[in-house]
A.B. asks: 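Dropping the structure in here first, questions after.
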Amino acid sequence: MARDWDAEIDRWTERFRDVPDPPEPFATAIRDGWDPEARRRLAAEAAEYAARHEAWLRQIAGAGVDLVRLDTRGADCGACRRYAGKAYSLAGGTPGLPPPPPLPICPACRHTLNLLTPFFLQSLGLTVDDLVAEAEPYRDQA
């Protein structure tokens with residue numbers, strides 16, 4: 001199902017009104033109102049990012065990867081912070097792990113889901129049980 005980016009931008013604009021340091025371009029929009037071009041650009045960039053990320057997830061799922069981790073980039077909007085570094089199951093093949101959040105979580109975010117390999121887990125001294133214990137299911141904050 002395609003996401004309605006205009007509706008999401010409206011929803012997140014209202015949500016960020018109560019946040020001390022909202023991400024750009026929301027901070028500017030809250031202060032000055034939405035510039036139609038900035039809003040159009042944000043919607044287009046979010047849609048493009050979502051399409052690329054969905055293709056990435058199809059590719060790694062097709063290769064048999066089930067475990068992924070949400071990795072955040074730089075400053076986040078706070079909505080993503082609770083999910084940073086948490087593991088998710090793409091196809092439900094890892095009992096105890098929830099499905100990943102839809103990315104981008106908010107239209108301004110550009111975080112990603114990266115595959116978790118047994119070697120990477122071992123290098124961190126982690127097991128799947130550790131990932132399950134730290135799981136953070138995504139909850140839409142609408």
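Both backbone and side-chain heavy atoms feed into the values below; hydrogens, waters and symmetry mates do not. Position 1 is the first residue of the sequence; numbering continues from there.
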A.B. asks: Heavy-atom distance under 4.5 Å between the side chains of R3 and P104, does that happen here?
C.D. replies: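 Side chain of R3 against side chain of P104, heavy atoms only: contact under 4.5 Å found.
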
A.B. asks: If every non-hydrogen atom of P107 is compared with every non-hydrogen atom of L42, which pair is closest and at what distance?
C.D. replies: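 Minimum heavy-atom contact is O-CD1, 3.3 Å.
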
A.B. asks: Is there a side chain to side chain contact (heavy atoms under 4.5 Å, CB included) between L67 and L115? Walk through the geometry before answering.
C.D. replies: CA-CA 6 Å; L67 285 175; L115 57 112; over 6 Å; no

A.B. asks: What's the shortest heavy-atom distance between S89 and D66, and which atoms?
C.D. replies: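 Reported closest heavy-atom pair: OG-OD2, 2.7 Å.
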
A.B. asks: Is the ring pair F26/W34 parallel, tilted or perpendicular, if the boundaries are 30 and 60 degrees?
C.D. replies: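 Taking W34 first and then F26, their aromatic rings stand perpendicular (interplane angle over 60°).
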
A.B. asks: Test your reading of the model: is there a side-chain donor-acceptor pair from Y88 to the backbone of Y138, 3.5 Å cut-off?
C.D. replies: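 A pair under 3.5 Å: no.
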
A.B. asks: Check whether any side-chain heavy atom of L131 sits under 4.5 Å from a side-chain heavy atom of R69, and report yes or no.
C.D. replies: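 No, too far: nothing below the 4.5 Å cut-off.
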
A.B. asks: Count I, L, V, M, F, W, Y as connected when their side-chain heavy atoms are under 4.5 Å apart, and connections chain through other members. Are L70 and W56 then in the same cluster?
C.D. replies: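 Yes.
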
A.B. asks: Does atom CD (E24) have a neighbourhood of more than 12 heavy atoms from anything else shown, all under 6.0 Å?
C.D. replies: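 Correct, the count exceeds 12.
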
A.B. asks: Is there a continuous path of hydrophobic side-chain contacts, each under 4.5 Å between heavy atoms, that joins L124 to V132?
C.D. replies: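 Same hydrophobic cluster.
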
A.B. asks: Locate the shortest heavy-atom distance separating E136 from R82; write the atom from each residue and the value.
C.D. replies: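 Looks like OE2-NH2, 2.7 Å.
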
A.B. asks: So, T112 versus D71: side-chain donor-acceptor pair below 3.5 Å or not?
C.D. replies: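 Distance-only check fails for T112 and D71.
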
A.B. asks: If I take atom CD from residue E14 and atom CZ from residue R17, how far apart are they, to the nearest 0.5 angstrom?
C.D. replies: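 Between E14 CD and R17 CZ, I get 4.0 Å after rounding to 0.5 Å.
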
A.B. asks: To the nearest 0.5 Å, what is the distance between CH2 (W5) and CG (D10)?
C.D. replies: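 Between atom CH2 of W5 and atom CG of D10 there are 13.0 Å.
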
A.B. asks: Is V65 reachable from L97 through a run of hydrophobic residues whose side-chain heavy atoms are each under 4.5 Å from the next?
C.D. replies: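 No, no single cluster joins them.
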
A.B. asks: Are F120 and V128 joined in one hydrophobic group, where the rule is that I, L, V, M, F, W and Y side chains link up if heavy atoms are under 4.5 Å apart?
C.D. replies: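 Same hydrophobic cluster.
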
A.B. asks: Short question: side chain of R39, backbone of D6 - any donor-acceptor pair under 3.5 Å?
C.D. replies: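 It does hold such a pair.
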
A.B. asks: Kindly indicate, with the supporting measurements, whether the criterion side chain to side chain contact (heavy atoms under 4.5 Å, CB included) is fulfilled by L103 and E54.
C.D. replies: CA-CA 8 Å; L103 292 184; E54 288 169 15; over 6 Å; no

A.B. asks: Would you give the length of the straight line joining atom SG of C80 to atom CZ of R110, rounded to the nearest 0.5 angstrom?
C.D. replies: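 Spacing of SG (C80) from CZ (R110) equals 10.5 Å.
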
A.B. asks: Decide yes or no for I60 and V68: does some side-chain heavy atom of the first lie under 4.5 Å from some side-chain heavy atom of the second?
C.D. replies: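 I60 vs V68: side chains touch.
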
A.B. asks: Give the minimum heavy-atom separation between P137 and Y83, together with the two atoms involved.
C.D. replies: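 Heavy atoms only, the tightest pair is O-CE2, 3.4 Å.
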
A.B. asks: Measure across L113 and H53 and return the closest heavy-atom pair with its distance rounded to 0.1 Å.
C.D. replies: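 Reported closest heavy-atom pair: N-NE2, 3.1 Å.
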
A.B. asks: Distance alone, cut at 3.5 Å: any donor-acceptor contact between the side chains of D130 and T127?
C.D. replies: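 Side-chain D/A pair, D130 to T127: present.
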
